[in-house]
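Notes to accompany the following structure.
Excluded from the calculations below are hydrogen atoms, water molecules and symmetry mates; all remaining heavy atoms, backbone and side chain alike, are included.
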Amino acid sequence: MKKLLTILLFFTFTSTSFAAMSPRFYETEILGNWVCKDVYPGYSAFEMIRYKKDGTWNSFGELIVDFPVEENKVKVFYSALGSGVWEIEGQNLVSMIRTIKVTNRNHPWLEEYFSLQDEFNLNEKNSEEIVVLSDDYINLQPSSGNPYECYKVKI
């Protein structure tokens, strides 16, 4: 009897562990609305993103960039609206931007020299490793760059 209980507990534990790592787990847990922040010196991004069951996403947010102008840095505020598609591959969130609109809100004259809109690649897959995913938190590691985090919100 004790051996049977041990086998049952082992089976339950391993089944739960494998289920938590399955793509289906990630697909289910990622659905919904997330507030993400990505901050490092000279750059801040705050985004509300909605992952939908049909494999699409849409987002809006704000980017703040320290833009070098001669010997000074100008803090430039951008608004961004985007949409695209997403999927889970292994332990990675793979997304693609289909549309994006970036608007310089406080120094539009800079667009003559640099357009942040042009820095986004449309229809190109972007893979980020899911480092942590729970009911209300996700930590993502892009293939290049710093990790960032998101918190699930109810709207």
(Q) Run the side chain to side chain donor-acceptor pair (under 3.5 Å) test against D66 and tell me which residues pass, sequence neighbours left out. (A) K75
Q | W86 with Y26, same ILVMFWY side-chain cluster at under 4.5 Å | A | yes
(Q) I'd like to check L81 versus I100 (side-chain heavy atoms, cut-off strictly below 4.5 Å). Are they in contact? (A) no
Extract all donor-acceptor atom pairs below 3.5 Å that involve side chains of residues 47-57 and protein atoms in other chains or at least two apart in sequence.
{"residue": "E47", "atom": "OE2", "partner": "S59", "partner atom": "OG", "Å": "3.1"}
{"residue": "R50", "atom": "NE", "partner": "N33", "partner atom": "OD1", "Å": "2.6"}
{"residue": "R50", "atom": "NH2", "partner": "N33", "partner atom": "OD1", "Å": "3.2"}
{"residue": "D54", "atom": "OD1", "partner": "T56", "partner atom": "N", "Å": "3.0"}
{"residue": "D54", "atom": "OD1", "partner": "T56", "partner atom": "OG1", "Å": "2.6"}
{"residue": "W57", "atom": "NE1", "partner": "V85", "partner atom": "O", "Å": "3.2"}
{"residue": "W57", "atom": "NE1", "partner": "M96", "partner atom": "O", "Å": "3.4"}

**Q.** V35 and F46, any side-chain heavy atoms less than 4.5 Å apart
**A.** no
Q: Under the side chain to side chain contact (heavy atoms under 4.5 Å, CB included) rule, what do I30 and L93 come out as? Steps first, then yes or no, please.
A: CA-CA 9 Å; I30 203 151; L93 171 61; 3.8 Å; yes
Q. Are L63 and W109 linked, directly or through other ILVMFWY residues, by side chains that come within less than 4.5 angstrom of each other?
A. yes
Q.
Any non-hydrogen side-chain atom of V65 less than 4.5 Å from a side-chain atom of Y78?
A. yes
Q) disulfide bond (SG atoms under 2.5 Å apart): which pairs involve residues 102-147, sequence neighbours left out? A) none
**Q.** Approximate separation, where rounding is to 0.5 Å, of N139 CG and Q141 CD
**A.** 8.0 Å
Validation: residues 143-155 side-chain donor-acceptor distances under 3.5 Å, sequence neighbours left out:
{"residue": "Y148", "atom": "OH", "partner": "E128", "partner atom": "OE1", "Å": "2.9"}
{"residue": "Y148", "atom": "OH", "partner": "E128", "partner atom": "OE2", "Å": "2.9"}
{"residue": "E149", "atom": "OE1", "partner": "Y137", "partner atom": "OH", "Å": "2.8"}
{"residue": "E149", "atom": "OE2", "partner": "Y151", "partner atom": "OH", "Å": "3.2"}
{"residue": "K152", "atom": "NZ", "partner": "E29", "partner atom": "O", "Å": "2.9"}
{"residue": "K152", "atom": "NZ", "partner": "L31", "partner atom": "O", "Å": "2.8"}

(Q) Could you measure the distance from the CD atom of Q91 to the CZ atom of F25? Nearest 0.5 Å is fine. (A) 10.0 Å
**Q.** Separation of H107 NE2 from E112 CD (nearest 0.5 Å)
**A.** 15.0 Å
(Q) Taking disulfide bond (SG atoms under 2.5 Å apart) as the cut-off, I'd like each qualifying pair that reaches into residues 54-135, sequence neighbours left out, listed once. (A) none
Q | Minimum side-chain heavy-atom gap D38-Y43 below 4.5 Å | A | yes
**Q.** Separation between CD1 of I138 and CG of L133, rounded to the nearest 0.5 Å
**A.** 4.5 Å
Q) Do N104 and L116 have side-chain heavy atoms sitting under 4.5 Å apart? A) no
Q: Look only at the side chain of N58 and the backbone of S83, and say whether a donor-acceptor pair between them is shorter than 3.5 Å.
A: no
Q | Same cluster (ILVMFWY, side-chain, under 4.5 Å), F120 and Y113 | A | yes
Q: Determine, stepwise, if the pair V76 / I64 fulfils side chain to side chain contact (heavy atoms under 4.5 Å, CB included).
A: CA-CA 6 Å; V76 184; I64 305 167; over 6 Å; no
Q.
Can you confirm whether I88 sits close enough to I130 that some side-chain heavy atom of one is under 4.5 Å from a side-chain heavy atom of the other?
A. yes
Q) Should L122 and T99 count as side-chain neighbours, where that means a heavy-atom distance under 4.5 Å? A) no
Q) Between N121 and E124, is there a donor-acceptor pair closer than 3.5 Å when you use the side chain of the first and the backbone of the second? A) no
Q | Residue list, side chain to side chain contact (heavy atoms under 4.5 Å, CB included) with S127, at least two apart or on another chain | A | N92, V94
Q) Should V102 and F114 be counted in the same cluster of Ile, Leu, Val, Met, Phe, Trp and Tyr side chains packed under 4.5 Å apart? A) yes
Q: Could you verify whether a donor N or O on one side chain and an acceptor N or O on the other, from T103 and S79, lie under 3.5 Å apart?
A: no
